[in-house]
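As structure tokens, the structure follows; a few thoughts come after it.
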Amino acid sequence: MNLYNPTRSLLLPLLGVLFLLAGCNPTVSRVESDTVTDLSGNWNDTDSRLVAQEMIQDVLSRNWLSKFNRDKGKAPTVIVGTVRNLSHEHINTRTFIADMERELINSGEVEFVASADAREEVRSEVKDQDLNATEESRKAMGNEVGADFMLQGSINSIVDAVSGEQARFYQIDLTLIELGTNRKVWVGQKKIKKTVEKGGFRL
Amino acid sequence: MTAIRDACYMRDKRSPSLDGRLVHRASFFLCLKVSLLLTLGALIQSCASYGSHATTMRDGLLIGHPELSLAIAEEKDKDMEEVVSSLDKGMLRRINNNFTGSNEVLEVAKQEIEKLYGFSVTENLASVTINETMRGYEGDRYEQLLLHAYMAMNYIQLGQLDSARVEMLQANVKMMEWGDEPDEDAFLRYLEGIIYESLGEDDSALISYRKAYTIYKDKGGEQYPVMPELIKKDLLRMLAWQGLWSEYKTYKKEINMPDFKPVKDSNKFGELVVILNNGLAPIRNEKALYIFSPEVQQNLRVAFPAYDQPKQNLYLSQISVDGKQFPLETVEDVDMLARYSLEQDMPGIMARATARAVVKYNSQKTASDNSSIAGLLMTVTNLVTERADTRSWTTLPQEIQLQRVLLPVGEHTIQIQFLNAAGVVVDVIEEQVSIKPKRQSFVIKHWNTPVPKSKIGIKMGVAGSAVQGGIEETAVARSAK
């Protein structure tokens with residue numbers, strides 16, 4: 001009886017390893033985009049969506065809009081400025097700004113002009129048309145619509161933590177400022193609070 | 001695991017010629033051990049000796065070819081699962097001026113550290129049966145904090161100050177979580193203050209400076225460098241700017257700087273902030289020792305990590321701008337921190353090593369009681385697997401040095417000069433800086449050693465105008481003279 005048959009003693013553990021590895025395939029399941037998926041407690045799509053929803057409802061229901069319509073007889077034109085991230089996480093503010101922009105444009109109550117970066121690109125295209133496009137299709141420069149309001153804001157956070165436990169508080173402030181007069185016509189605010197507990201054990 | 005166990009049991013049943021129970025136990029242990037070894041074989045191999053890998057990897061830095069070091073680092077752990085490899089990659093990408101790439105891989109390291117939170121049952125079991133490298137490496141506390149500092153520096157160099165601020169806040173949360181025994185890092189607090197100040201948040205900057213001052217005061221000379229002149233001046237200046245005069249007077253007395261006068265905030269000046277990463281952190285090497293175990297009445301061999309090289313003497317460094325020289329001050333002594341940290345961990349490391357030695361001795365004994373081959377195999381296995389954990393972030397600098405200089409608004413050519421003991425300039429990094437009113441302009445560099453002249457000749461000939469940044473810049477500066 002050869003107890004230390006090399007092939008045998010190698011084969012068995014290898015089989016065991018394969019068995020272990022078999023359980024490691026990733027499992028994917030599709031979920032609705034509005035399902036709440038809190039994994040790490042970090043800022044996620046749900047937070048972004050909640051902020052956008054709340055802000056849009058608020059900004060469209062306030063009377064700066066009807067007042068502007070009454071005074072000027074047209075829909076206000078808005079531009080998105082910077083939303084500063086002053087929180088403790090690297091938050092992509094573009095998702096909820098994009099959400100807000102879409103809702104506001106689709107509501108028909110507000111018009112948006114392209115942001116500074118996007119404008120540059122569009123301008124260089126118009127400039128290029130000046131040289132290369134046909135007379136009929138050419139767009140003239142100097143016909144841009146100036147914005148009436150600018151949307152600015154910030155995300156702040158306060159974190160309280162003891163070992164393995166955290167309370168996170170986010171506050172998102174957005175302000176609509178009238179260009180020229182610097183009057184604040186609308187201030188929106190959304191607060192989100194979460195508690196995160198980390199497991200003390202792992203495998 | 002059950003599959004392996006069942007297989008082992010089945011084999012026992014087919015060996016009726018031997019004593020059932022004993023063989024049962026011995027071969028079960030062996031089987032388990034061999035299978036564990038095989039499963040973890042690759043792992044052991046890869047971190048068998050991080051120390052020697054680090055030595056090879058750092059060679060490129062020492063001869064002025066950081067891209068060679070990066071190439072070695074990138075080859076290792078391509079799935080980015082090991083924290084220590086990701087940290088090295090992050091640092092070397094930075095040194096090679098790839099700040100975005102550096103942050104990408106450091107972010108991965110950050111997530112992995114987060115995953116390693118909590119007590120792992122299997123890893124701790126493995127660390128007392130096989131060796132320490134079976135434990136997930138999450139980095140010492142100082143390394144975890146410096147991770148944020150280097151990500152912040154990357155963001156600063158990318159011109160994203162808000163993101164650098166995010167890193168500082170994350171480090172803050174981390175320090176908060178450690179809670180009861182505050183393990184605050186002096187340099188991190190100081191850097192935080194500088195970042196706040198450059199964002200115009202003077203009130204927050206004051207709090208950070210105050211904290212940094214306190215840490216230098218309490219732990220200077222033991223864990224952190226002796227209080228730099230810089231922090232004293234910054235604290236006083238900020239107190240004056242905030243109009244906190246009674247506190248200003250108290251600190252001024254404590255600091256003993258009767259001649260100090262805070263500069264006025266002026267639109268004609270901006271501030272140059274130079275951060276120099278000088279030298280390289282120490283490497284842990286493996287040491288072995290025989291300790292007597294009263295439990296088994298035997299001398300047992302244990303392996304443990306040690307910093308067996310003495311601290312290196314660094315070249316002196318200074319900034320030269322507009323004909324004036326300003327010495328760079330050490331704000332973080334990574335060498336000191338690393339040694340201090342290992343010293344703190346040593347009781348735990350030795351306790352686990354002793355426990356491990358006893359477990360291994362017993363397994364050897366059980367195996368050799370039954371069969372001499374099994375015993376021999378076990379002995380060899382135990383010897384081979386007894387490895388010290390030499391992992392640490394070895395691409396960190398030996399010291400982080402800093403200086404802040406007020407300069408008139410406009411373009412300036414600054415030099416970071418390195419001097420030998422005789423005061424002779426041996427190497428120079430030259431940089432163009434644009435100073436903006438009331439703003440901070442950062443120059444952040446890494447440097448290790450003067451590049452030998454012959455090497456420069458070769459490099460200039462081959463690489464020509466492609467040389468850039470970090471150590472390479474010295475070559476450009478010198479050839480221009």
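A, B, ... follow the sequence lines: proteins, then strands. Residue 1 opens every chain.
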Q | B:Leu147 vs B:Ile113 side-chain heavy atoms within contact, under 4.5 Å | A |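 SC-SC contact between B:Leu147 and B:Ile113 confirmed.
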Q: Please determine, by modelled atom types, if A:Gln57 and A:Gln53 share a side-chain donor-acceptor pair under 3.5 angstrom.
A: no
Q: Among the options B:Leu116, B:Asn172, B:Val173, pick out the one with the most heavy-atom pairs lying under 4.5 Å from chain A.
A: B:Leu116
Q.
Strictly below 4.0 Å, N to O, side chains only: are A:Asp148 and A:Lys74 in salt-bridge contact?
A.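 Salt bridge flag = yes for A:Lys74 with A:Asp148.
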**Q.** Toward chain B, the part of A:Leu86 with a non-hydrogen atom under 4.5 Å
**A.**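 Both parts, heavy atoms under 4.5 Å.
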**Q.** Structural part of A:Val159 lying under 4.5 Å from a heavy atom of chain B
**A.**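 Both parts, backbone and side chain.
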Q: Check whether more than 12 heavy atoms from other residues, nucleotides or ligands sit under 6.0 Å from atom CZ of B:Arg439, and answer yes or no.
A: no
